[in-house]
Amino acid sequence: MKKKLLAALLATVMLLGISACGPQEPASSANAGNTQSSAPGSQGGQSSMPVQAKDSVVLATSGEPIRFMAQSSQSCSGDDNLVLSNVYDCLLFLEPDGELTPALAESYEVSEDGLTYTWHLRKGVKFHDGSEMTAEDVKFTFDLGGAGPIGPALFINLESTEVIDDSTVVMHLSAPYAAFPYGVASRLGGIISKAYFDKVGGEDGYLAAPMGTGPYKFVEAVSGSHITLEAFEDYWRGPAPIKTATIQIVADTNTQVLGLQNGDYDAIRNPSIEVCTRFDNVDNVSWNYTDSTGRITLYLGAWGGHNWDLNFRRAVQCAINKDDINTATNSGYATILDIDMCPMYGGYPTEGIETVKYDPDQAKAYLAQSSYNNEPYSILVQSGTTYEAAAKIIQAQLMAVGINCQVNAVDGQTKTSLQTNRDFDALIGENLSSLVDADGVKSFFLFNRGDPSRLYEREEELCDLFAQGATLQGDARLPYYVDACNIITEEAYMVPLYNGIITVAHNAALQGADAHCLGNFNFYYWSWTK
């Protein structure tokens, strides 16, 4: 009977995985550069693709970029990054593995009190119209972006920007914030031209014809069809090998897959792991993956009924086999998490962390000590995602130790409403962080905004620890995050499951098409083998 149940569960997981082949509710550095490709002479593929050297690429994606200036009042989304990350450069680069490296700023210093950042700009950098970037453009970008809809979320604590000379800018913060450089490297930090902004009549003109200092110039956008980018020959790092990059809007995943195999597309964006592993048997197709900046976590309510019982929550902790979940939903490729942070995050603690291992016998012992009496226990999850598959695996694991578990799979809007109101026993969700920093863990704890009856008992204490950790630099931050993570584990407020995944599948002759932790595509690094 147990084997039949497992077979049925795995069948359900495979069906859900196939139905969720496009980008999920998404997906770092631990797996960066992991590449899979079919062996030469593999017999699995039915088609072959031309391997001649060329200087153009076509990327197929279901998500359509529509906003081409991050600082606009319209804001922007993850899909827009496909254009933004190629047309604009920031003061710092966020590399595929989450590392920060110098870009338009050659270097920077942080004052001892953490309130002042001094940026030394690279000289001779040109915008696409041939004009030279100066400190005035940097100030204009940060003033405009900071006042916009996503400014408070990405330029956290930015109070003012001061021009010292043409190549030096000072940014003043209202309070120290260790993750500030990640905001500088975010899509909002893509430097725009003040003179060009004025010339084209402001925001609307810039959105229609965007211009930056990045490796590619914007050529055209045809709604529902494609976006064309052209290499900027005066780019400060030298011209890109790929001269024309086309972002093709292809809604259907199967069409993307067939098009890649037939040579209609050169790369497809974030196919599911289930789809990627099928490419192992296709000639001339490679794929690679990396950790995303998102954490997939089972959050446990701690209010009302048996949820108040710590022993019950600890029983849930011990009953969950994360390896089984990873195998079923990600073919084992995801990074298992012990705390609700991605390992790539700045401020991630590597020592002193308490963890809970899979132990069904201990789970039964905790359950016997609790007040639980076979009441229904429901896991809230968005339907049609791999997270629903994970919930069904967890359901079986909890039932095996004596918990009457049910899965409440709902549409995205309903899930968001129930999650916001904390109207759940448990829920599975992905918490993404645009700022690749430990400060992102606080996003689930809303002690100053929520219903007082729906708070975790030690929520305010946790938020104080997060606030202290966010203000300090370097290793001085770590003890606060260690204490916070250990409280979360001791109180069994959540069960971190696994790190999200970002994937890319591409023509095997295409080099440099690496997955990026934020799902960006940097065409500058792409080239065809000769």
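For the pair Trp526 and Gly512, the tightest heavy-atom approach, listed with the atom from each and the gap, is CD1-O, 3.3 Å. The two residues Ser225 and Gln248 make their nearest non-hydrogen contact at O-NE2, 3.4 Å. Shortest non-hydrogen contact noted between Ala185 and Cys90 is O-SG, 3.8 Å.
Among Trp119, Tyr117, Phe155, the single residue meeting the ring-ring contact (aromatic ring centres under 6.0 Å, His included) criterion with Phe142 is Phe155.
Looking only at atom types and distance, the side chain of Asn431 has a donor-acceptor partner in the side chain of Tyr299 under 3.5 Å away. Between the side chains of Glu95 and Thr101, at least one donor-acceptor pair of N or O atoms lies under 3.5 Å.
Judged as a side-chain contact (heavy atoms from CB on, under 4.5 Å), and not counting sequence neighbours, the contacts of Ser73 are Glu203. Scored by the side-chain contact (heavy atoms from CB on, under 4.5 Å) test, Ala103 finds Phe93 as partners (sequence neighbours excluded).
The neighbour count for Gln413 CD, taken as heavy atoms of other residues, nucleotides or ligands under 6.0 Å away, does not exceed 12.
A perpendicular orientation is assigned to the rings of Phe523 and Tyr216, their planes being inclined by more than 60° (bins at 30° and 60°). Note on ring orientation: taking the six-membered ring where Trp is involved, the planes of Phe466 and Phe445 are tilted (angle from 30° to 60°).
No donor-acceptor pair closer than 3.5 Å links the side chain of Thr489 to the backbone N or O of Asn486.
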